[in-house]
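Here's the structure, in structure tokens; my notes come after.
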Amino acid sequence: MAREKSSKDNAQALFHSLRSAYAATPVNLKIIDLYVGFAVFTALIQVVYMATVGSFPFNSFLSGVLSCVGTAVLAVCLRIQVNKEFKDLPPERAFADFVLCNLVLHLVIMNFLG
Amino acid sequence: MKSLSFFFFFIFIISVFPFLCFSFNPESPTDRRVLVLLDDFSLKYSHSIFFNSLKSRCLNLEFKLSDDPSLSLQRYGQYLYDALILFCPSTKKFGGSLDLTAVIDFVDSGHDLILAADSTASDLIKNIATECGVDFDEDSSAMVIDHKSYAISGTEGDHSLIVSDDFIQSGAILGKTKIEAPVLFKGIAHSVNSANSLVLKVLSASPSAYSANPESKLLNPPLLTGSAISLVSVVQARNNARIMIAGSLDLFSNRLLRTAVQKAGSQDKYHKSGNEQFVTEISKWVFHERGHLKAVNLRHLRVGETDEPAMYRIKDDLKFSVEIHEWSGKNWEPYVADDVQVQFYMMSSYVLKTLSTNGKGLYLASFKVPDVYGVFQFKVDYHRLGYTSLSLSKQIPVRPFRHNEYERFITTAFPYYGASFTMMAGFFIFSILFLYNK
């Protein structure tokens with residue numbers, strides 16, 4: 001009885017500590033997290049649509065999913081490199097890399113979309 | 001003076017007579033030349049009603065004896081006559097250059113033939129008939145006898161003058177008006193192979209008829225009996241030559257054309273036999289004055305264009321048209337029917353459509369090219385009883401879509417298009433927010 005209560009308390013204490021730690025992150029990182037969440041959500045919608053309707057223009061499906069996944073990956077890279085604890089690159093350089101990689105990504109997507 | 005001018009006027013009138021029948025032209029075959037071979041010239045007078053009816057339809061008859069040494073059907077490779085009438089049943093050998101092979105070659109080159117046999121028929125005549133697909137009774141003394149369907153005459157005969165009304169049901173061969181009176185027949189029987197699709201029995205004997213010698217007692221059962229006995233048959237060859245084979249020369253004679261008919265056992269008395277109508281109508285059919293079809297102008301085009309394309313694409317809309325005419329004896333009349341069909345064929349028929357007509361001989365159909373590519377044929381196959389057969393075909397290739405003929409945007413892929421564009425917009429908005437937030 002006491003152990004169950006303590007495990008539930010532990011879970012709640014863990015959740016609260018995570019929330020308070022997350023609230024302490026800087027705003028621009030939170031914006032990046034929101035962006036990643038949006039990309040993954042869009043990818044999930046496309047996968048569910050393909051599962052119902054079928055994969056007829058498969059190239060279009062791949063192109064759509066790749067745009068979402070690629071965007072998420074590039075945003076995650078940006079988040080790592082822009083973090084104050086990362087000392088290898090200046091954040092401006094990181095943002096410039098992010099923009100260029102996105103341009104290449106969207107060029108490929110437009111081509112493969114058909 | 002007056003008599004001289006009258007004389008010149010008379011000469012002028014006489015010289016115009018030949019031009020009353022139009023001159024020969026392969027497109028409009030009036031004024032055809034027919035060679036009539038007879039055993040002796042008395043047939044010219046005993047069958048004059050039949051010959052006169054042929055002459056009145058612009059057929060030039062030339063009467064010759066069958067053993068005339070100057071007989072020939074062709075000279076320097078050209079045929080001298082357009083049709084042949086053999087009213088010479090007892091001829092054992094033709095004169096001149098005519099023989100069995102010459103007659104068969106004449107028919108094979110597309111010309112018409114009327115052959116009449118009777119109880120004196122020789123082997124030559126029977127062999128000509130066999131080559132045409134009709135087998136006469138081998139017993140040379142046999143005649144068709146019918147004890148139930150014979151013609152009542154003054155004397156008690158041997159029932160070999162029989163009466164028949166078992167006609168083939170065909171408006172093309174026997175004309176539109178029904179032959180009311182039955183037909184009188186006195187002659188020999190022949191049979192037709194039922195596997196042969198080109199031979200038709202126009203006048204069959206009644207089920208009680210049989211073929212035997214009327215003078216002697218019957219020792220064995222006769223070989224030819226009943227409705228299997230054909231009295232008059234026609235053959236339409238694949239090159240549209242028409243042959244009529246009759247087992248009786250008396251069928252055409254003035255005597256039988258004019259007598260009254262009463263069938264034994266029935267009360268109906270007809271004051272004139274059906275022979276005249278029968279032989280006139282069937283001779284019209286044999287000489288192509290009825291039932292001869294011609295198909296011209298087989299055309300196909302894509303909807304919206306005026307020229308025939310060299311190639312179609314799958315799922316094109318196309319229109320097909322053909323004109324069918326029927327020879328009426330004097331000119332080409334439009335043929336009207338509702339059962340002409342066109343097939344779009346490659347190994348098997350992909351599209352089969354019944355053509356609709358505008359009443360003037362033009363047949364139209366429109367359909368969509370199927371979703372299969374390859375080399376197709378437009379096929380029109382029209383085979384009807386008594387009509388010449390039409391077998392038309394025209395080849396046309398069908399190609400698949402070119403790479404730029406597919407639909408540009410696929411409807412089922414719209415969510416993916418939408419997702420890609422929203423990601424681009426999201427990237428743009430995000431980078432603004434990221435750079436300019438405090």
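Reminder, nothing fancy here: chain letters follow the sequence lines and each chain counts from 1. Given the structure is predicted, the values throughout are model-derived calculations rather than measurements.
With a threshold of 4.5 angstrom between heavy atoms, Leu78(A) approaches chain B through side-chain atoms but not through N, CA, C or O. For Ile109(A), the part lying under 4.5 angstrom from a heavy atom of chain B is the side chain only. Proximity to chain B (any heavy atom under 4.5 Å) is shown, for Met50(A), by both the backbone and the side chain. Only the side chain of Leu435(B) comes within less than 4.5 Å of a heavy atom of chain A; its backbone N, CA, C and O stay farther away.
No more than 12 heavy atoms of other residues, nucleotides or ligands sit less than 6.0 Å from atom NZ of Lys319(B). Within 6.0 Å of the CZ atom in Phe41(A), the count of heavy atoms belonging to other residues, nucleotides or ligands does not exceed 12. Within 6.0 Å of atom CD in Glu305(B), more than 12 heavy atoms from other residues, nucleotides or ligands are found, so the atom counts as buried in its surroundings. By the 6.0 Å contact criterion, NZ on Lys368(B) is enclosed, its count of non-hydrogen atoms from other residues, nucleotides or ligands being greater than 12. Remark: Tyr373(B) OH is loosely packed, at most 12 non-hydrogen atoms of other residues, nucleotides or ligands lying under 6.0 Å away. No more than 12 heavy atoms of other residues, nucleotides or ligands sit less than 6.0 Å from atom CZ of Phe421(B).
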Across chain A and chain B, going purely by atom type as modelled, what donor-acceptor pairs are there at a distance under 3.5 Å?
unit_1: Arg408(B); atom_1: NH1; unit_2: Gly114(A); atom_2: O; d: 3.4
unit_1: Thr412(B); atom_1: O; unit_2: Tyr49(A); atom_2: OH; d: 2.8
unit_1: Phe427(B); atom_1: N; unit_2: Tyr35(A); atom_2: OH; d: 3.4

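Among the candidates Val53(A), Val99(A), Val27(A), Ile32(A), the residue making the largest number of heavy-atom pairs closer than 4.5 Å to chain B is Ile32(A).
Distance check: Ile410(B) CD1 to Leu113(A) CG gives 9.5 Å after rounding to the nearest 0.5 Å.
Among the residues in residues 335-353 of chain B, none has a non-hydrogen atom closer than 4.5 angstrom to a non-hydrogen atom of chain A.
With a 4.5 Å cut-off on side-chain heavy atoms, Val82(A) and Phe434(B) count as touching.
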